[in-house]
Asker: 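Got a structure here, written out as structure tokens. Questions coming.
Along the sequence shown, residues carry numbers from 1.
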Amino acid sequence: MSQANDWSPASQNSSLDPHQRHLNRSLGVFDSTMIVAGSMIGSGIFIVAGEMAREVGSAGWLMLAWILAGMLTLAAALSYGELAAMMPRAGGQYVYLREAYSPLWGFLYGWTLFLVIQTGTIAASSIGFSRYLGVIWPRISENNYLIPPIHVLPRYALSLSTAQLIALIIIAFLTWTNMKGLKYGKGVQNVFTTMKIGSLLGVIGVGVAVGWKFAALKANFAHAWTPQGAMPPAPGLSPATPFGMLVALCTAQIGALYAADAWNNITFTAGEVRNPTRNVPLSLFFGTVIVIGLYVLANFAYVAVLPFGEVQHAPADRVAATMLQAIFPRLGPTLIAIAIMIAAFGCMNALILSGARAYYAMALDGVFFRRASTLNAANVPSQALVLQGMWAALLVMTRTYQPATDTYGNLYSNLLDYIISAALIFYILTIAGVFRLRRIRPDAERPYRTFGYPLLPALYLLCAGIILAILFAYRSATTIPGVIIVLLGVPVYFAFRQQNARNRRVAEESVLSSE
């Protein structure tokens with residue numbers, strides 16, 4: 001490996017590992033592509049189309065919203081490829097932000113990743129798995145309590161329902177299998193990602209080949225660009241006006257980008273990819289193209305079967321379930337439940353596997369819990385896996401409470417709503433880092449250079465910047481709390497730095513005294 005690829009402190013701190021173990025490079029391009037696709041495909045594609053349809057108001061605009069999200073995701077993935085090839089180390093986006101800007105920016109991303117983005121999505125996927133298991137086995141329910149809610153604050157409680165118990169078991173099981181070694185984690189990933197790609201293809205195939213309704217398709221596309229039944233994107237705005245539709249398209253990106261998120265997770269595991277300068281960029285491209293293609297086809301299947309009003313008002317926004325029920329009235333709910341359970345399980349495994357590598361890199365740099373910097377006998381960051389699993393489990397058990405309606409929600413759901421805009425900020429900063437690193441480190445080795453540079457990453461920055469500005473202007477109730485969550489990491493960063501400095505002084509004094 002050339003010297004240019006050894007910038008990261010993580011690569012220089014192997015002495016912090018008392019056993020002198022190292023990550024094994026055993027992920028090939030297929031394994032890496034399965035991590036990309038597996039991280040992206042969760043339950044979102046089966047449910048977010050309903051709210052998006054209400055926002056944009058027509059089949060044409062719905063399809064365009066998904067195509068726009070796909071183009072943005074692919075542009076981001078192609079841009080990340082350059083950074084991944086430059087710095088093929090564990091930690092991924094955390095490392096890129098640290099090197100492009102400062103250790104503080106890297107930490108703020110890692111902090112948000114651990115606090116909400118990764119663990120919150122793990123919690124959401126585990127509860128999603130349990131909910132759809134409840135379709136097959138009704139005793140599994142968020143309202144079937146083993147331990148009723150115990151209020152710890154006026155609006156927050158801890159509880160244990162049968163659905164929460166299943167979620168905790170799945171998190172614990174997948175954490176344990178990933179602690180046994182990378183071969184177990186990637187084995188589970190390859191099997192379940194293949195299965196969920198197959199199940200999503202099955203949903204698309206059934207919709208297009210079996211459930212196709214000419215009357216619905218004609219009605220949906222006869223006025224493809226005329227919003228009908230759309231909710232105002234903001235007070236005083238109508239999607240029937242050009243600016244109103246721009247706002248509607250941007251707010252619809254919340255659902256689309258959430259469903260297509262986590263494609264960057266392979267960069268966290270770059271330290272375990274064979275020939276990472278080639279295979280990580282390839283897997284980013286292959287994985288995002290596969291998933292975005294499936295997502296666009298799935299939405300076409302929805303509007304090929306269902307009248308647009310039924311897409312907009314599917315019960316509990318379960319559009320895929322409504323489509324299958326229209327085709328198979330008795331088997332539809334069970335079939336979609338199985339498909340979503342497969343998707344959620346594979347998504348959880350990918351997130352659990354990859355997220356721990358980011359915390360491992362942070363711990364090596366002294367800005368995370370020190371125990372997370374160790375590898376076990378299987379050469380995986382077992383303590384980082386455990387910490388991640390424990391926090392995700394706490395998010396599963398913590399409930400929000402609305403006294404006015406005496407109802408309970410999920411803390412992770414609120415946090416994920418808040419953090420979507422903050423995650424977009426980090427994506428923008430990282431892709432801007434491609435430009436910055438070309439300026440401050442022009443001689444660094446770049447085995448892969450961003451396709452279409454500078455036009456493609458600049459176009460992403462422009463489009464993502466417009467979306468972000470509109471979210472701050474018209475969705476401030478969720479975007480501002482997300483920024484606050486990120487900024488709460490600033491004092492935590494300096495606390496970790498101070499603790500790391502103390503540890504170093506103690507170690508140095510111990511060496512001097514022994515001499």
Asker: Ring pair (Phe, Tyr, Trp, His ring centres under 6.0 Å) between Tyr80 and Trp263: does it pass, once the steps are laid out?
Answerer: CA-CA 10 Å; Tyr80 268 55; Trp263 50 267; 4.7 Å; yes
Asker: Less than 4.5 Å apart, side chain to side chain, heavy atoms only: is that true for Arg98 and Trp105?
Answerer: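 No, too far: nothing below the 4.5 Å cut-off.
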Asker: For Phe369, check ring pair (Phe, Tyr, Trp, His ring centres under 6.0 Å) against everything at least two apart and list the hits.
Answerer: Phe496
Asker: Please, which pairs that meet ring-ring contact (aromatic ring centres under 6.0 Å, His included) have at least one residue in residues 272-291, sequence neighbours excluded?
Answerer: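 Applying ring-ring contact (aromatic ring centres under 6.0 Å, His included) to every pair that reaches into residues 272-291, excluding sequence neighbours, yields nothing.
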Asker: Could you pull out every donor-acceptor pair under 3.5 Å between side chains of residues 343-352 and any protein atom, sequence neighbours left out?
Answerer:
| residue | atom | partner | partner atom | Å |
| --- | --- | --- | --- | --- |
| Asn349 | OD1 | Asn178 | ND2 | 3.1 |
| Asn349 | ND2 | Gly185 | O | 3.1 |
| Asn349 | ND2 | Gln189 | OE1 | 2.8 |

Asker: Could you check whether any side-chain heavy atom of Pro276 comes within less than 4.5 Å of a side-chain heavy atom of Arg25, counting everything from C-beta outward?
Answerer: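 They are in contact (side-chain heavy atoms under 4.5 Å apart), so the answer is yes.
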Asker: Please tell me if the side chains of Gln388 and Tyr359 come closer than 4.5 Å, counting only heavy atoms from C-beta onward.
Answerer: yes
Asker: Have Ser26 and Glu272 got a donor and an acceptor in their side chains that come within less than 3.5 Å?
Answerer: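 On atom types as modelled, these side chains do not qualify, holding no pair under 3.5 Å.
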Asker: Nearest 0.5 Å, please: how far is CZ in Phe368 from CG in Leu387?
Answerer: 5.5 Å
Asker: Not counting sequence neighbours, which residues clear ring pair (Phe, Tyr, Trp, His ring centres under 6.0 Å) with Tyr412? List them please.
Answerer: none
Asker: Please list all pairs passing the ring-ring contact (aromatic ring centres under 6.0 Å, His included) test where one or both residues lie in residues 117-141, with sequence neighbours left out.
Answerer: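 Passing the test, one end in residues 117-141: no pairs.
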Asker: Taking Gln93 for the side chain and Thr430 for the main chain, is one N or O donor matched with an acceptor at less than 3.5 Å?
Answerer: no
Asker: Would you give the length of the straight line joining atom CG of Asp261 to atom OG of Ser39, rounded to the nearest 0.5 angstrom?
Answerer: 9.5 Å
Asker: Short question: side chain of Arg446, backbone of Ala444 - any donor-acceptor pair under 3.5 Å?
Answerer: yes
Asker: Taking only residues two or more places apart in sequence, or in another chain, which ones meet Leu335 in a side chain to side chain contact (heavy atoms under 4.5 Å, CB included)?
Answerer: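 With neighbours one apart ignored, the set is Leu324, Phe328, Leu331.
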